[in-house]
2 protein chains.
Amino acid sequence: MSTPAEAAPVAAPLVAVDVAVFTVIDRRLAVLVVEVRHGPFAGWWALPGGRVGPAESLDDAAARELREQTGVGDIYLEQLYTFGSPERDPQGHVVSVAYVALIDHAGRFAEPGRAGSKYGGVAWRPVTALPALAYDHAAVVRTAVARLRSKLEYTNLVYTLLGRSFTLGELQEKYEAVLGRRLDRRNFRKKMLATGLLRGLGRVRRGPHRPAALYTFRRRRPMVISIL
Amino acid sequence: MSTPAEAAPVAAPLVAVDVAVFTVIDRRLAVLVVEVRHGPFAGWWALPGGRVGPAESLDDAAARELREQTGVGDIYLEQLYTFGSPERDPQGHVVSVAYVALIDHAGRFAEPGRAGSKYGGVAWRPVTALPALAYDHAAVVRTAVARLRSKLEYTNLVYTLLGRSFTLGELQEKYEAVLGRRLDRRNFRKKMLATGLLRGLGRVRRGPHRPAALYTFRRRRPMVISIL
DNA sequence: CCAAAAGTGTTATGCTTACACCCATGC
DNA sequence: GCATGGGTGTAAGCATAACACTTTTGG
C-alpha cells in the first residue's frame with residue numbers, strides 16, 4: 001500500500017516500500033496480497049507496504065511493513081526496483097521502493113482466507129490468476145516474476161521456498177512453478193547433484209508412492225552459482 | 001549530489017537521484033564526477049544528482065540533473081538501485097535512486113578538465129583510480145560497474161559506447177575496458193558477427209596501420225540477446 | 001494389480017576455448 | 001623494413017538436451 005498520509009497536491013515526493021512475497025502453493029507460483037482499507041482503492045487488493053520512517057533504512061521498512069500487515073517475518077528480502085511515476089498514486093507523489101520476498105509457505109494463511117485480522121484480509125493468489133491490483137502493483141508483480149525467473153537460474157535462491165529437508169521431486173516442483181515450464185527429471189537431478197549444494201540425509205520420505213530420498217541444502221544463504 | 005535543502009533532524013526521507021555516467025577513454029572505463037560546492041562535502045567529488053521535483057518521474061529527474069550539472073543529454077539511462085541508509089547523507093535522510101548511464105564520450109570534457117562552469121568542475125575519472133567520493137557514491141560506482149559487466153554480456157548495450165561506425169577492434173576495446181579483461185580476437189569476431197547485430201558498411205577506416213572494415217549496429221536500441 | 005512417483009545412463013549436438021600465421025599500411 | 005593492428009580456421013573439451021524403462025510403494 002502506497003498511501004500518503006499528508007501529501008499536498010504539489011509537494012516533495014514521499015517514500016514508501018512495497019513487498020511482493022512469493023511462495024509455491026499447489027505447484028503454482030503465488031503472491032501475497034492484502035486488502036486496502038482506506039482511500040480511493042478501498043476494497044482492492046494490493047501488495048503489503050507503506051511509508052518509510054524518518055530514520056529507517058529501506059530494508060528495515062520493507063521487513064517492518066510486511067510483519068505488521070501480514071505477520072510474516074524472518075524471510076528472504078531483496079530490493080527489486082523503484083517505481084516513481086507521479087501518477088502511480090492518485091493521492092500524491094509517492095516513490096515506492098519495491099522488494100521481492102520468498103518464503104516456504106508451509107500452510108501460512110491456509111488458502112485464500114483471512115488472517116491479518118487487524119489489517120484486513122490477507123491472501124495468496126496465483127500469479128496466473130491475479131485480481132486487479134491497486135496502484136501500479138500489477139507492474140510490480142510482473143517485474144518481480146521476471147526477476148525471480150532469472151535469479152533462480154544463477155543463484156541458490158530456491159532454498160527459500162523449501163523447508164529443511166525435501167525430496168528432489170519437491171525441489172524440481174519449485175523450479176517448475178517459478179519458471180512456468182516443465183524440466184526434464186533426469187537432467188535436473190544430474191545438474192542439481194553436480195552443484196554440490198545438496199547433502200543427502202540418508203533418510204527417506206514415505207508417502208502414497210515409492211519413498212523418496214531426502215536432501216538438505218548445505219548452506220542456507222544466498223549464493224551466486226550457476227545451477228540450471 | 002544528495003543534498004537536502006530543508007531536512008529537519010527527524011523528518012520523512014527526501015528523494016534524490018544520482019547518476020553514474022560511464023564512458024571508455026584510453027581503453028579504460030571512466031566515470032563522470034562533479035565537484036561538490038556546498039555542505040559538509042564541499043570540495044569533494046561526487047556523482048551528478050539531486051532532488052526529485054514534486055511531480056517529476058525518477059527517469060526525468062535523472063536526465064534533468066545530469067543535463068543541468070554536466071550538459072550531457074540524449075543518453076542511455078537505466079535505473080540501478082536505491083540507496084536509503086539513514087546515515088548516507090550527514091545532513092538528513094535522503095533516499096537516492098541511482099542510475100547508470102553510458103555514452104560515447106567523443107571528446108566531451110577533453111580529459112580531466114572543467115566544463116560545467118556554472119556548476120563546478122566536471123571530470124572523467126578511471127574507475128580504477130577514483131578519488132574519494134562524497135556520500136556513499138563509491139558504493140554506487142561499485143554496484144554500477146558490476147551491473148555493467150553483467151549486462152554487457154547479455155545485451156547489445158555496447159552500442160551506447162560507440163559512434164555510428166566503428167571497427168571490430170574498437171568494439172572489442174569497449175568490451176575489454178568494461179569487463180576489465182582481454183578477449184581472444186578471433187573468437188570475439190566470430191561471436192559478434194554471428195549475433196547478426198552488425199552490418200558491414202563496405203567501407204574502411206584508414207589509420208597508422210592496415211585499414212579496418214567499418215561496421216554499424218543494425219538497431220541502436222537496447223535489446224536482450226546473448227552476446228559473449 | 002494398478003496408479004503414480006522415484007530412480008537411473010547414453011548419445012548427439014552445439015558452444016566455448018585455445019591457438020598461429022600472413023596481410024596491409026604508415027612511418 | 002619494421003612495427004602495428006587487421007584478418008582468418010580448426011580441433012578438443014565441455015555442457016546441454018533428448019530420450020525409456022524398471023522399481024517401489026499405497027491403496
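All chains are named by letter (A, B, ...) in the order of the sequence lines, taking the proteins before the strands, and each is independently numbered beginning at 1. This is a predicted model, so every value here is computed, not measured.
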All N/O contacts under 3.5 Å from nucleotides 10-15 of chain C to the protein, with atom names and distances to one decimal?
from	atom 1	to	atom 2	distance (Å)
C:dT10	O4	A:Lys190	NZ	2.9

Pairs flagged by side chain to side chain donor-acceptor pair (under 3.5 Å) wherever residues 161-171 of chain A is involved - sequence neighbours left out:
A:Glu170-A:Arg205
Polar side-chain contact B:Arg186-C:dA20 base: donor and acceptor under 3.5 Å:
yes
Atom CG of B:Asp184 and atom C1' of D:dG9: how far apart are they, to the nearest Å?
12 Å
Taking side chain to side chain donor-acceptor pair (under 3.5 Å) as the test, write out the residues that go with A:Thr160, two or more places apart.
none
Interface residues of residues 167-182 of chain B with DNA chain C (non-hydrogen, below 4.0 angstrom):
none
Would you please name every residue forming a side-chain contact (heavy atoms from CB on, under 4.5 Å) with A:Ala134, sequence neighbours left out?
A:Val36, A:Phe41, A:Trp44, A:Ala46
Once side chain to side chain donor-acceptor pair (under 3.5 Å) is applied, what residue pairs with a partner in residues 212-228 of chain B remain, sequence neighbours excluded?
none
Is B:Arg189 near enough to D:dG7 that one of its side-chain N or O atoms lies under 4.0 angstrom from OP1 or OP2?
yes
Tell me, please, which residues at least two apart from B:Arg142 pass salt bridge (Lys or Arg N to Asp or Glu O under 4.0 Å).
none
Sequence neighbours left out, what passes ring-ring contact (aromatic ring centres under 6.0 Å, His included) with B:Phe22? Give chain and number order.
none
I need the CD1-P distance between A:Ile227 and D:dA15, as an integer number of Å.
16 Å
Quick one: pull up OG1 in B:Thr23 and CD1 in B:Ile75 and give me the separation to the nearest 0.5 Å.
8.5 Å
Using atom NZ of B:Lys191 as one end and atom P of D:dT8 as the other, report the distance to the nearest whole Å.
18 Å
A:Met192 atom CE is separated from C:dG7 atom C1', nearest whole Å, by 17 Å
Decide yes or no, distance alone: a donor-acceptor N/O pair under 3.5 angstrom between the base of D:dG7 and the side-chain of B:Arg185.
yes
Quick test of your reading: applying salt bridge (charged side-chain N to carboxylate O under 4.0 Å, His left out), list the pairs with at least one residue in residues 177-200 of chain B, sequence neighbours left out, ordered by first then second residue.
B:Glu153-B:Arg181, B:Glu176-B:Arg182
How many Å lie between CZ on B:Phe166 and C1' on D:dG6, as a whole number?
16 Å
In whole angstroms, the gap separating P of C:dA18 from CZ of B:Phe188 amounts to 16 Å
Tell me the closest heavy-atom pair linking A:Leu47 and A:Leu32, and the distance in Å.
CD2-O, 3.9 Å
Strictly by ring-ring contact (aromatic ring centres under 6.0 Å, His included), give each pair with a member in residues 153-194 of chain A just once, sequence neighbours left out.
A:Phe166-A:Phe217, A:Tyr175-A:Phe188
Of all pairs that satisfy side chain to side chain donor-acceptor pair (under 3.5 Å), the ones with a partner from residues 75-84 of chain B, not counting sequence neighbours
A:Thr82-B:Thr82, B:Tyr76-B:Glu78, B:Glu78-B:Arg147, B:Glu78-B:Lys151
Interface with DNA chain C, restricted to residues 206-214 of chain A and to heavy atoms under 4.0 Å
A:His209, A:Arg210, A:Pro211, A:Ala212, A:Ala213
